[in-house]
Trainee: 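I have a structure here, written as structure tokens, and I will follow up with some questions on it.
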Amino acid sequence: MADRKAVKIVSGQPDFLQFNNLACETAGGKKEPPEFIASAFTEYGKWMDGWETRRKRIPGHDWCIIQLGVPGIIHGLDVDTSFFTGNYSPFASVQAACLDEAPALTLEGDRTGMAASESQFEAVAKLHSESWEELVPVTELKPGFSDTCHNYFPITYPTRVTHLRLNMYPDGGIARLKVYGVGQKDWSALPTQDQLDLVALVNGGVCLGYSDAHFGHPRNMIGLGRSANMGDGWETARRLDRPKNLQVDGKGILQVPGYEWAVLRLGHPGVISQIEIDTNHFKGNFPDSCKIEACYLTPEEEGKYVSGRWSSDPGNKWRVLLQPQKLQAHHRHFYSCDPLALSGPVSHVRLVIAPDGGVSRLRLWGRPSSTRHTSKL
């Protein structure tokens, strides 16, 4: 079958955009891109899709505390000022902390047009957030025009983060803060006999490469819960090498020359005993068939594959975990026991779909092995 090379990130975009958004809407943040409605006003002024503060007339600067929906290692930030063109924050900085034992902070209802309450200020003061580790120093931001709105910051901070402090200097507006990274779970507290989804976003799963993501990124497949719609899954473009007249084999699987693929690293190496492939919402655009390959890679081997964009398999590492299976529209497919060809621990999987289409969720249930994979990424 004809392979498609890995997609290259558009020139000018940082590599960390491949990682999960640890503050996405399904994890408690905002997933949809900002929008501008010219006629939308509130009693406090123009409605803007983001965080906008009052024009400051007292000493100091504005800031907010953000709890990540998925704690983890941060690889990059996008401070998005979309549509804030004459009212964006001219400078910003970001600080971080790991506060697993911190008390929960409450918003106390809608405080639009107001500052935080006295009780909120008192609760936040106990966190000493002004002393948190600095991820991004005070940096000038660009206005929210379409060609300047994304302010990207690569992060090198190998410590688990649960909370961020976003500082504006002195005031203004920011549409979105996207936090790209890899979830990190405390595996030491988990009994080794427990079954769990080893590739889930919350358990540290991450997409490391793919052939096509025209309508939806493969990282969506490991998100929380079932998908909200087709946009919340992985969907490719239609392949142009499909035969003019389609044929099937004895199992009813289309015989096509090409396929699409996505590589994911498990949050922890383990033995997979059950697979779920969910085509929820994909009714006229689901893949005809799929298979799953798996392997165990050291951090050094993973680095070589990533740098080569998974274009070759020099070590012959990939082995079939799930033989080709015919898929259905808008359906949860479960596979266990006999169909699974591997019984040993694996660290990476490659989902292959033919010829193209969409998958909303991929779940890989199993038990973590005693070996811990520590990526260099």
Side-chain angles (χ1 to χ4, degrees), residues 20 24-27 31 69-70 183 185 194-207 210-236 238 248-249 251-254 256 259-268 270-294 320-343 346 348-368:
N20 307 316
C24 68
E25 187 169 21
T26 51
K31 185 175 183 179
V70 179
K185 187 180 183 67
D194 281 8
Q195 291 258 3
L196 77 164
D197 182 2
L198 297 174
V199 78
L201 161 66
V202 295
N203 292 330
V206 63
C207 177
Y210 56 90
S211 60
D212 185 88
H214 191 86
F215 296 109
H217 199 287
R219 63 171 171 246
N220 295 336
M221 293 189 294
I222 60 175
L224 283 68
R226 297 194 74 194
S227 62
N229 50 49
M230 286 191 296
D232 190 24
W234 171 38
E235 185 181 1
T236 74
R238 300 191 191 207
V248 299
D249 65 9
K251 297 180 179 179
I253 294 177
L254 286 179
V256 291
Y259 58 89
E260 306 293 356
W261 56 267
V263 173
L264 301 105
R265 184 178 72 221
L266 308 185
H268 193 293
V271 177
I272 298 171
S273 57
Q274 186 178 46
I275 294 172
E276 177 186 350
I277 297 174
D278 189 357
T279 56
N280 191 29
H281 302 296
F282 291 100
K283 300 175 181 178
N285 49 352
F286 63 99
D288 175 71
S289 64
C290 76
K291 70 175 181 178
I292 297 180
E293 299 166 322
V320 175
L321 174 66
L322 179 68
Q323 296 287 346
Q325 303 289 326
K326 184 78 172 180
L327 297 179
Q328 302 177 46
H330 191 55
H331 184 74
R332 299 176 76 180
H333 308 75
F334 293 94
Y335 308 100
S336 60
C337 300
D338 292 343
L340 302 187
L342 294 179
S343 58
V346 298
H348 296 67
V349 297
R350 178 163 60 187
L351 173 61
V352 179
I353 59 174
D356 48 43
V359 175
S360 62
R361 290 292 184 267
L362 171 66
R363 304 298 187 200
L364 302 176
W365 299 93
R367 292 187 176 91

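Side-chain atoms are counted along with the backbone in the values below, which use heavy atoms only and exclude waters and symmetry mates.
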Trainee: Using side chain to side chain donor-acceptor pair (under 3.5 Å) as the criterion, list what pairs up with His330, not counting sequence neighbours.
Mentor: Asn280

Trainee: Show the nearest heavy-atom pair for residues Thr279 and Ala329, with the distance to one decimal.
Mentor: OG1-C, 3.6 Å

Trainee: What heavy-atom pair brings Val359 and Met221 nearest, and what distance separates the two atoms?
Mentor: O-CG, 3.5 Å

Trainee: The criterion is side chain to side chain contact (heavy atoms under 4.5 Å, CB included); which residues satisfy it with Asn220, sequence neighbours excluded?
Mentor: Lys31, His217, Asp232

Trainee: Any pair with a residue in residues 325-336 that passes salt bridge (Lys or Arg N to Asp or Glu O under 4.0 Å), sequence neighbours left out, goes on the list, sorted by first then second residue, please.
Mentor: Glu276-Arg332, Asp288-Lys326

Trainee: Contact between Lys291 and Gln325 at the side-chain level, heavy atoms closer than 4.5 Å - yes or no?
Mentor: no

Trainee: I'd like to know if the side chain of Asn203 and the backbone of Asp197 have a donor-acceptor N/O pair within less than 3.5 Å.
Mentor: yes

Trainee: In Å and rounded to the nearest 0.5 Å, what is the SG to CG distance from Cys207 to Leu351?
Mentor: 10.0 Å

Trainee: Check whether any side-chain heavy atom of Phe215 lies under 4.5 Å from a side-chain heavy atom of Met230, and answer yes or no.
Mentor: no

Trainee: Run the side chain to side chain contact (heavy atoms under 4.5 Å, CB included) check on Asn20 and Val70 step by step: do they pass?
Mentor: CA-CA 10 Å; Asn20 307 316; Val70 179; over 6 Å; no

Trainee: Can you name the closest pair of heavy atoms from Asp356 and Glu260 and give their distance?
Mentor: CA-CG, 4.3 Å

Trainee: Under 3.5 Å, side chain of Thr236 to main-chain N/O of Gly357, donor-acceptor pair present?
Mentor: yes

Trainee: When rounded to the nearest 0.5 angstrom, what distance separates CG in Leu201 from CZ in Arg219?
Mentor: 10.5 Å

Trainee: Enter the distance from Ser211:OG to Tyr259:OH here, rounded to the nearest 0.5 Å.
Mentor: 8.5 Å

Trainee: Looking at residues at least two apart in the chain, or sitting in another chain, which of them share a ring pair (Phe, Tyr, Trp, His ring centres under 6.0 Å) with His331?
Mentor: His333

Trainee: How far apart are the closest heavy atoms of Ser273 and Gly366, and which atoms are they?
Mentor: OG-CA, 4.0 Å

Trainee: Minimum heavy-atom separation for Tyr335 and Leu327, please, with both atom names.
Mentor: OH-CD2, 3.6 Å

Trainee: Of Arg226, Arg363, Arg361, which meets salt bridge (Lys or Arg N to Asp or Glu O under 4.0 Å) against Asp278?
Mentor: Arg226

Trainee: Ignoring hydrogens and geometry, is there a side-chain-to-backbone donor-acceptor pair from Glu293 to Val320 under 3.5 Å?
Mentor: no

Trainee: Taking Ser360's backbone N and O only, do any of them form a donor-acceptor pair with His281's side chain (distance below 3.5 Å, no angle check)?
Mentor: no

Trainee: Is the backbone N or O of Ile272 less than 3.5 Å from a side-chain atom of Gln274, with the two atoms forming a donor-acceptor pair by type?
Mentor: no

Trainee: Find the distance between CG (Leu264) and CG (Leu198) and round it off to the nearest 0.5 Å.
Mentor: 12.5 Å

Trainee: Can you tell me how far the CD1 atom of Ile222 sits from the CZ atom of Arg265, to the nearest 0.5 Å?
Mentor: 10.0 Å

Trainee: Any non-hydrogen side-chain atom of Leu254 less than 4.5 Å from a side-chain atom of Ser289?
Mentor: no

Trainee: Please evaluate residues Leu362 and Leu364 with respect to the criterion side chain to side chain contact (heavy atoms under 4.5 Å, CB included), reporting the C-alpha separation (whole Å), side-chain torsions for both, the decisive distance (0.1 Å), and the verdict.
Mentor: CA-CA 7 Å; Leu362 171 66; Leu364 302 176; 4.0 Å; yes

Trainee: Ignoring hydrogens, what is the shortest heavy-atom contact between Gly216 and Trp234? Give both atom names and the distance.
Mentor: O-CD1, 3.1 Å

